[in-house]
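Written below as structure tokens is the structure these notes are about.
Atoms within each ligand, like the ligands themselves, are counted from 1 in listed order.
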Amino acid sequence: MKRYPAYEFPEYVDWAPDAAVQADFAARITANPDRAARIAALDTARLLDLYWGLVMARLHDVQLKRWVKQGVISKAWLGSGEEAATVGPCAALQAGDVVSPMIRNASALIERGVDLQVCFSGYLGTTDNLTGGRDLHIGDLAKGVIPPISHVGDIVPVIAGCALAFKQTGQPNVALTWTGDGSTATGAVHEGLRVAAALQVPFICVIQDNQVALGTHGQTHFKGDFLAYGAAYGCAVAEFDGNHVLDAYAATAWAAERCRAGEGPVILVGRTFRMGGHATHDEREARALFDDATYARWGRRDPVGMYETWLVQAMGVEPSALQAIEAEADAAIDGAARAALARRDSHAPDPATVLDGVYGP
Ligand SMILES: Cc1ncc(C[n+]2csc(CCOP(=O)(O)OP(=O)(O)O)c2C)c(N)n1
Ligand SMILES: [Mg+2]
């Protein structure tokens, strides 16, 4: 896809496929027979849907960065480099399932079909979304997207509760949320996982291990092994490559099938890397936290570039077909961002409503 030197991370600007990286990408597809079968069952249309999802996720972030540079918003929390860890799991879900995307998983809203203009409205604080302009953590209940809670980790017991509701009503659905490696430090994540396993609810908890929590290196804040959580809580656990959309998809499809069969929750550990800062304000500090070789290594593993290359080289997809998808995605993002911005003044929240929905003694 087109690269954007003014907005993208340096490793992506001149991105070119690396033969060894692509060989690893292909090997991962066949390494696990269950996942290989699920991937083999995807037809071309579904493979291209995944590409559309990745491109939309990347362009969504490019647009946010553009707004930051233009002074429209002060900062943005980007998922660039981690797109596959959101797009893959969403693609494995069904209508009626619910998700709660953390802010770095904003493209889950796009995947679930939330109006694109609404997706951008959260950052502009207009009344166009569920929070009425109060919070940029947005959702759309009609699309099965529960807004995340700003306090990281707190959404885990909430989504475990959604899964409990599915179990109690006999609804064959699953509830999924993402939690960062850092957020697993919270008591809420522990409580949510423990009760989900004890009650055997259809809950998928994706631990999105991007190796950093704000400005703290992953190796500093956690000395354990997320894969040991399965034994600790008494539930299934599996790892996936968080930069590999097909691996993320297949792992989640496996987990969702288990959940729907009543086999209890699944923890999925997605290994990925945050290419930028915690948000756009601390990109320089983030560059100091990891060495250049680490950025270079993960940069070569661009989730969009790797998948695009695989589609062309391994599946024989015509580059022109991918370009057409990208053009469509670009027009959609551009149109939605313009429409959202045009409403910033006309749909600003009424100050008189500031206490609406606020509860307290
Ligand atoms: C309970 C709580 N503590 C602290 C914060 C501030 N905060 C927001 S994101 C974040 C880091 C989270 O790291 P991680 O869970 O690894 O997610 P990532 O940002 O890497 O995706 C912190 C400390 C918060 N929002 N909530
Ligand atoms: Mg993290």
### Query
Does a donor on one side chain and an acceptor on the other come within less than 3.5 Å for Ser121 and Asn129?
yes
### Message
Suppose we measure from atom 4 (C) of ligand 1 to each protein heavy atom; which comes out shortest, and what is that distance?
### Response
Val152 CG2, 4.5 Å
### Task
Using the test side-chain contact (heavy atoms from CB on, under 4.5 Å), find all partners of Pro147 that sit at least two apart in sequence or belong to another chain.
Leu130, Leu141
### Message
Within the structure, is a non-hydrogen atom of Ser150 found at a distance of less than 4.0 Å from ligand 1?
### Response
yes
### Message
I'd like to check which ligand 1 atoms, numbered from 1 as shown, lie under 4.0 Å from a non-hydrogen atom of Gly182.
### Response
14 (P), 15 (O), 16 (O)
### Query
Are Phe290 and Trp298 an aromatic pair by the rule of ring centers under 6.0 Å?
no
### Task
Starting from the C-alpha separation in whole Å, work towards a yes-or-no answer on side chain to side chain contact (heavy atoms under 4.5 Å, CB included) for Thr179 and Val152.
CA-CA 8 Å; Thr179 184; Val152 296; over 6 Å; no
### Task
Flag the pair His60 / Phe120 as yes when their ring centroid distance falls below 6.0 Å, and as no otherwise.
yes
### Query
Between His278 and ligand 1, which residue portion shows a heavy-atom distance shorter than 4.0 Å: side chain, backbone, both, or neither?
side chain
### Query
For Asp115, what residues pass the side chain to side chain donor-acceptor pair (under 3.5 Å) criterion, not counting sequence neighbours?
none
### Message
Before we go on, tell me: are the rings of Tyr249 and His244 under 6.0 Å apart, centre to centre?
### Response
no
### Query
What is the closest protein heavy atom to atom 11 (C) of ligand 1, and at what distance does it sit?
Leu214 N, 3.6 Å
### Message
Given the ring of Tyr295, does Arg287 sit roughly above its face, with NZ or CZ under 6.0 Å from the centre of the six-membered ring and within 45° of the axis?
### Response
yes
#### Entry: Whichever hydrophobic residues join Leu214 through chains of side-chain contacts under 4.5 Å
none
### Task
Mark the output for Arg274 as yes if a heavy-atom distance to ligand 1 is under 4.0 Å, and as no if none is.
no
### Summary
Between Cys235 and Ala197 the two heavy atoms that sit nearest each other are CB-CB, 4.2 Å
### Query
Which ligand 1 atoms are under 4.0 Å away from a heavy-atom of Ala213?
13 (O), 16 (O)
### Summary
for atom 17 (O) of ligand 1, nearest protein heavy atom and its distance come out as Gly180 CA, 3.7 Å
### Environment of the Mg ion (ligand 2) in terms of protein N/O/S atoms, cut-off under 2.8 Å
Asp181 OD1, Asn210 OD1, Val212 O
### Task
May I ask you to decide if the ring planes of His278 and Trp77 are parallel, tilted or perpendicular, using 30° and 60° as cut-offs?
perpendicular
### Query
Can you check whether Ser183 has an N/O within less than 3.5 Å of an N/O in ligand 1?
yes
### Message
Under a 3.5 Å threshold, yes or no: a donor from one side chain and an acceptor from the other, between Gln200 and Glu263?
### Response
no
## Note on the structure
Here the atoms of ligand 1 under 4.0 Å from any heavy atom belonging to Arg104 are 18 (P), 19 (O), 21 (O)
### Message
With nothing but distance in play, are any N or O atoms of Asp181 less than 3.5 Å from an N or O of ligand 1?
### Response
yes
### Task
Using a strict cut-off of 4.0 Å, indicate which atoms of ligand 1 neighbour a heavy atom of His151.
26 (N)
### Message
Does any N or O of ligand 1 fall below 3.5 Å from an N or O anywhere on Asn210, backbone included?
### Response
yes
